[in-house]
Amino acid sequence: MANKQVRKLSRDAHRRQVHRRVRRSVTGTPERPRLSVYRSLGHIYAQVIDDQNQRTLVSASSIDKETRAQTKGGGNIAAAKVVGKIVAERARAAGIEKVAFDRGGYRYHGRVQALASAAREAGLNF
């Protein structure tokens, strides 16, 4: 009998696997684009994407000049709230009211949750 070892996925590989699973059901249409979130250790990024036409309609991140002026550091909940508010304002200015939230394979917790709730408070529906 051979001694088989189970290879453990890295955190990022596991997140990507979960994200692929989530993306099977969450797609962006022109009427209801997808609000996609990516977070790294130092920053957080959000995009509103129309998957049918393969276009990014609106984006915001913690490295934008507008965001950096309002926050200290980009890898915290305060920065996520600012990014959520800014992406919602930009989306509303572009005529987007409803979005489908794509958490990017991350748990709906911490910075991802803060970004989502700030976007909701700023007027996006999802």
Side-chain angles (χ1 to χ4, degrees):
M1 235 176 157
N3 212 3
K4 283 194 172 184
Q5 287 187 334
V6 178
R7 253 183 66 191
K8 188 174 180 181
L9 287 174
S10 70
R11 274 188 185 194
D12 190 54
H14 181 260
R15 179 196 68 81
R16 287 171 189 256
Q17 200 174 57
V18 172
H19 189 215
R20 277 193 300 272
R21 198 164 50 232
V22 169
R23 286 281 288 117
R24 281 190 212 130
S25 61
V26 178
T27 56
T29 63
E31 302 81 40
R32 189 181 178 115
R34 173 171 59 101
L35 174 60
S36 177
V37 176
Y38 175 76
R39 79 181 163 87
S40 65
L41 283 176
H43 296 284
I44 191 158
Y45 309 83
Q47 294 180 326
V48 177
I49 304 166
D50 174 5
D51 289 314
Q52 286 181 354
N53 298 319
Q54 297 181 346
R55 305 229 24 209
T56 297
L57 307 171
V58 176
S59 68
S61 71
S62 59
I63 59 174
D64 292 349
K65 278 188 178 180
E66 185 181 340
T67 312
R68 285 189 134 171
Q70 297 179 34
T71 61
K72 185 178 181 183
N76 53 30
I77 288 178
K81 288 179 182 177
V82 172
V83 170
K85 182 179 175 220
I86 290 172
V87 78
E89 289 169 355
R90 290 178 183 174
R92 288 178 53 88
I96 300 165
E97 297 287 326
K98 285 185 162 189
V99 295
F101 189 68
D102 173 13
R103 58 191 172 87
Y106 304 105
R107 290 190 307 161
Y108 188 78
H109 177 77
R111 289 190 282 161
V112 175
Q113 185 177 8
L115 187 145
S117 61
R120 276 194 194 100
E121 288 170 11
L124 275 185
N125 296 323
F126 55 93

Check: Val99 main-chain N/O paired with Arg32 side-chain donor or acceptor under 3.5 Å: yes
Spacing of Thr56 atom OG1 and Gln47 atom CD [to the nearest 0.5 Å]: 4.5 Å
With the 4.5 Å side-chain cut-off for hydrophobic clustering, are Val112 and Val48 part of the same group? yes
Starting from Val83, can I reach Ile63 by hopping between I/L/V/M/F/W/Y residues whose side chains sit under 4.5 Å apart? yes
Indicate yes or no: at least one non-hydrogen side-chain atom of Ile96 is less than 4.5 angstrom from one of Pro33. yes
Under the side-chain contact (heavy atoms from CB on, under 4.5 Å) rule, what do Arg103 and Leu35 come out as? Steps first, then yes or no, please. CA-CA 8 Å; Arg103 58 191 172 87; Leu35 174 60; over 6 Å; no
Identify the heavy atoms of Tyr108 and Ala116 that sit nearest to each other, and give their distance. OH-CB, 3.5 Å
Which atom pairs, one a donor and one an acceptor, fall under 3.5 Å between side chains of residues 37-46 and the rest of the protein, sequence neighbours left out?
{"residue": "Ser40", "atom": "OG", "partner": "His43", "partner atom": "N", "Å": "3.2"}
{"residue": "Ser40", "atom": "OG", "partner": "His43", "partner atom": "O", "Å": "3.3"}
{"residue": "His43", "atom": "ND1", "partner": "Ser62", "partner atom": "OG", "Å": "2.9"}

With Lys81 via salt bridge (Lys or Arg N to Asp or Glu O under 4.0 Å) - residues at least two apart: none
At their closest point, which heavy atom of Asp50 faces which heavy atom of Gly28, and how far apart are they? OD1-O, 3.7 Å
Mark yes or no for whether Asn53, through its side chain, and Arg55, through its backbone, hold a donor-acceptor pair below 3.5 Å. no
Mind checking whether Glu97 and Arg92 have side chains closer than 4.5 Å, heavy atoms only? yes
Please say yes or no: joined through hydrophobic side-chain contacts below 4.5 Å, possibly via intermediate residues, are Ile86 and Phe101 part of one cluster? no
Please, which pairs that meet ring-ring contact (aromatic ring centres under 6.0 Å, His included) have at least one residue in residues 57-85, sequence neighbours excluded? none
Please check if the number of heavy atoms outside Arg120 that lie under 6.0 Å from its CZ is greater than 12. yes
Within the 4.5 Å heavy-atom criterion, are Leu9 and Gln17 side-chain neighbours or not? yes
Linking I/L/V/M/F/W/Y whenever any side-chain heavy atoms sit under 4.5 Å apart, do Val87 and Tyr106 land together? yes
Contacts of Arg23 that satisfy salt bridge (Lys or Arg N to Asp or Glu O under 4.0 Å) - sequence neighbours left out: Asp51
Partner residues of Arg68 under the salt bridge (Lys or Arg N to Asp or Glu O under 4.0 Å) criterion, sequence neighbours left out: none
Between Arg90 and Glu66, is there a side-chain N and carboxylate O pair less than 4.0 Å apart? yes
Salt-bridge contact Glu31-Lys98 (side-chain N to carboxylate O under 4.0 Å): no
Salt bridge Arg34-Asp102, side-chain N to carboxylate O under 4.0 Å: yes
Should Leu115 and Ile49 be regarded as members of a common hydrophobic cluster, given that ILVMFWY residues are connected when their side-chain heavy atoms come within less than 4.5 Å of each other, either directly or indirectly? no
Taking all non-hydrogen atoms of both residues into account, name the closest pair between Ala79 and Gly74 and its distance. CB-O, 3.6 Å
Going by salt bridge (Lys or Arg N to Asp or Glu O under 4.0 Å), name the residues that satisfy it together with Arg16, two or more places apart in sequence or in a different chain. Asp12
Judged by atom type as modelled, is there a donor-acceptor pair below 3.5 Å linking the side chain of Thr71 to the main-chain atoms of Thr67? yes
Distance col, row Ser117:OG vs Ile77:CD1, nearest 0.5 angstrom, shows 9.5 Å
